[in-house]
Amino acid sequence: MADIPNGFTGFANRGVGAFQYTRDHNRVQATEPATFDPEKLARIPETDRRWAWLEIDLNAIRHNVSLIRKGIGANTRLMAIVKADGYGHGAVRCAKTALNSGADYLGVATVQEAIDLREGLVNAPILILSQPPAESIPLLLAYKIMPSVYSPEFAIQYAESADACGLRAPYHLAVNTGMNRIGVRHDEVVAFMSQVSFHRALELKGTFTHFATADSSETLDFNIQAKRFVEAINALRAAGINPGIVHAANSAAAIRYPEVRFDMVRLGIAMYGLHPSQETRMMVDLHPAMSVHARVTDARVVPMSEGVSYGMTYRSPGSVKICTIPIGYADGLPRKLSNNTDVIFQGKRFHQVGSICMDQCMFEVDLRSYGVRQRIEPQVGDEVLLVGRQGDAVITLDDMANKLDTINYELATGFSLRLPRLYK
């Protein structure tokens, strides 16, 4: 054992220069600590820090916005909804693309989402689609963000703060026509306005509602909401109140129901190439903007009957290669899809196998050759597709959503949790 100077038998017979623990004081010691150029480090792409990413096709977004823009006509405004970081696609880039493709307004869900747009040098009108906390009013005024309003207390406080700064207090009135989420009741809008409209700083820029069932094949509830909204708008006008920009149509309604486009439509999920309902699929040709990519980090032949991943819910049938990719449920790939989704490699689909982990998952490749079937052997570094199209093979967010009994919105926003985005 004399050839093991450090006493660790596991490092026996290693060649010169191999990694080992040593107490050889005759070695040349570094006199200066290692230094790294921060600028060079910053230039290492995110896709070289982890082999999983999203690709966002801005041309698809241009196509979708332009398509709806053309369909609604030149006299109807278009609000691009970029809440939830642009439904996972990146709010700032998508907002700028939408505005350059015919959008007039932007819609978000939170004050911070609006601030992020302003700090990203987006100057279009921005509406928060709910009433924010009163404490945020200074931010609304400083960043020129319009809130939705439906309580007199907020309206007056907003107006007072604006007046104290010598500013106007623009807002959109939210009307509850039956969804019962937010808004002034449809039959109380005139009474509400009588409580707040006296204030000189308040400026009603628009009036809107939101449909609960515009994406449904059933139309009764939709028609009730539409009727109530029209009655509310007429009541405001009869009382001498200009409702401003009247808007109600989300993506589904904008496509399916021309009669409720009014002065503006709000384009959300359709902007990103995802259909809001089965009914819209034959009506417009939307192009999906998001695809999900990863590279193989490990590839190994697993003997017959050996298990893979937590719980060993999958066992090798033999003659298969198990490939690992660095994407998991913390990245938006739901654990409930374990053993129930595919990936695409070289234009062919392969089954995901084993429990989807927080940061990784695996897929199976049959190594057998038979008939005209060509043997395929993925290697470390090879790219695979989890969502998108390659050749004749396609996997969509709708495919995943149908298996999970959910909607494509949830999956699109989920994939943005920590995957970097590449724009093309």
Side-chain angles (χ1 to χ4, degrees), residues 10 46-55 88 290-406 408 410-412 414-420:
E46 288 188 275
T47 51
D48 286 341
R49 305 179 190 198
R50 185 186 183 207
W51 279 351
W53 68 96
L54 301 178
E55 289 187 6
M290 177 186 289
S291 54
V292 184
H293 304 249
R295 292 189 185 276
V296 175
T297 56
D298 186 89
R300 64 184 64 212
V301 176
V302 175
M304 181 182 292
S305 81
E306 288 199 8
V308 170
S309 194
Y310 293 115
M312 295 190 175
T313 57
Y314 162 91
R315 292 187 179 273
S316 170
S319 297
V320 295
K321 179 176 276 191
I322 301 300
C323 302
T324 301
I325 51 177
I327 184 169
Y329 59 78
D331 304 294
L333 183 65
R335 191 171 181 273
K336 285 189 176 181
L337 283 176
S338 297
N339 298 297
N340 195 27
T341 189
D342 292 341
V343 304
I344 299 173
F345 177 68
Q346 293 185 1
K348 295 180 173 57
R349 294 175 69 130
F350 296 90
H351 295 306
Q352 184 279 322
V353 296
S355 295
I356 294 171
C357 309
M358 182 181 288
D359 317 299
Q360 302 175 85
C361 67
M362 285 64 72
F363 66 94
E364 170 198 84
V365 177
D366 189 343
L367 297 178
R368 293 171 294 178
S369 299
Y370 45 85
V372 295
R373 182 183 179 277
Q374 183 181 1
R375 180 183 172 108
I376 295 178
E377 276 204 69
Q379 304 296 320
V380 170
D382 285 345
E383 184 176 332
V384 300
L385 196 59
L386 288 91
V387 174
R389 178 184 295 274
Q390 190 179 81
D392 293 331
V394 58
I395 298 173
T396 68
L397 291 174
D398 290 301
D399 294 334
M400 293 182 172
N402 290 338
K403 291 176 180 178
L404 295 166
D405 194 26
T406 186
N408 48 25
E410 183 177 2
L411 289 163
F415 274 119
S416 70
L417 293 173
R418 65 176 184 180
L419 293 177

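At a threshold of 4.5 Å between non-hydrogen side-chain atoms, the residues L385 and S291 count as touching. Using a 4.5 Å heavy-atom cutoff, the side chains of I325 and C361 are in contact. Here the side chains of I395 and L386 are not in contact, with every heavy-atom distance at 4.5 Å or above. Counting heavy atoms from C-beta on, the side chains of M400 and L333 come closer than 4.5 Å.
Considering every non-hydrogen atom in both L397 and L411, the closest pair reads O-CD1, 3.4 Å. Taking all atoms of both residues into account, the shortest heavy-atom contact from V353 to V308 is O-CG1, 4.5 Å. Here the closest non-hydrogen pair linking P334 and G332 is CD-O, 3.0 Å. Scanning both residues, G354 and N339, for their nearest heavy atoms gives N-OD1, 2.7 Å. For the residue pair N340 and Q352, the shortest heavy atom distance occurs at N-OE1, 4.1 Å. Heavy-atom minimum distance, S355 versus M362: O-CE, 4.3 Å.
In this pair, F363 and F350 present their aromatic rings tilted. The plane angle is within the 30 to 60° band.
Using a 4.0 Å cut-off between charged side-chain N and carboxylate O, D366 and K348 make no salt bridge. Ion pair D331/R50 flagged as a salt bridge, since at least one NZ, NE, NH1 or NH2 atom sits closer than 4.0 Å to an Asp/Glu carboxylate oxygen.
Heavy atoms of other residues, nucleotides or ligands lying less than 6.0 angstrom from CZ of R418 number more than 12. Within 6.0 Å of the CG atom in D48, the count of heavy atoms belonging to other residues, nucleotides or ligands exceeds 12.
For W51, there are no ring-ring contact (aromatic ring centres under 6.0 Å, His included) partners two or more places apart in sequence or in a different chain. Taking the side-chain contact (heavy atoms from CB on, under 4.5 Å) definition, one finds that R300 meets it with D298, V302, sequence neighbours left out.
Considering CD1 of I344 and NE2 of H293, their distance stands at 10.0 Å, rounded to 0.5 Å. Here the CG atom belonging to L337 is positioned 7.0 Å from the NZ atom belonging to K403, to the nearest 0.5 angstrom. Here CD of E383 is found 4.0 Å from CH2 of W53. Values are rounded to the nearest 0.5 Å. Atom CD1 of I376 sits about 7.0 Å away from atom CZ of F345, to the nearest 0.5 Å. Rounding to the nearest 0.5 Å gives a distance of 11.0 Å between CG of D399 and CG of N408.
Judged by distance alone, the side chain of S338 and the main-chain N or O of I356 form a donor-acceptor pair under 3.5 Å. Distance alone, capped at 3.5 Å, is enough to place a donor-acceptor pair between the K321 side chain and the P378 backbone. Looking at R349, its side chain does come within 3.5 Å of a backbone N or O of V394 through a donor-acceptor pair. Judged by distance alone, the side chain of Q379 and the main-chain N or O of E377 form a donor-acceptor pair under 3.5 Å. Side-chain N or O atoms of Q360 include none that pairs as donor or acceptor with a backbone N or O of G328 at under 3.5 Å.
Y314 pairs with exactly one of E364, E306, H351 by the side chain to side chain donor-acceptor pair (under 3.5 Å) rule, that one being E364.
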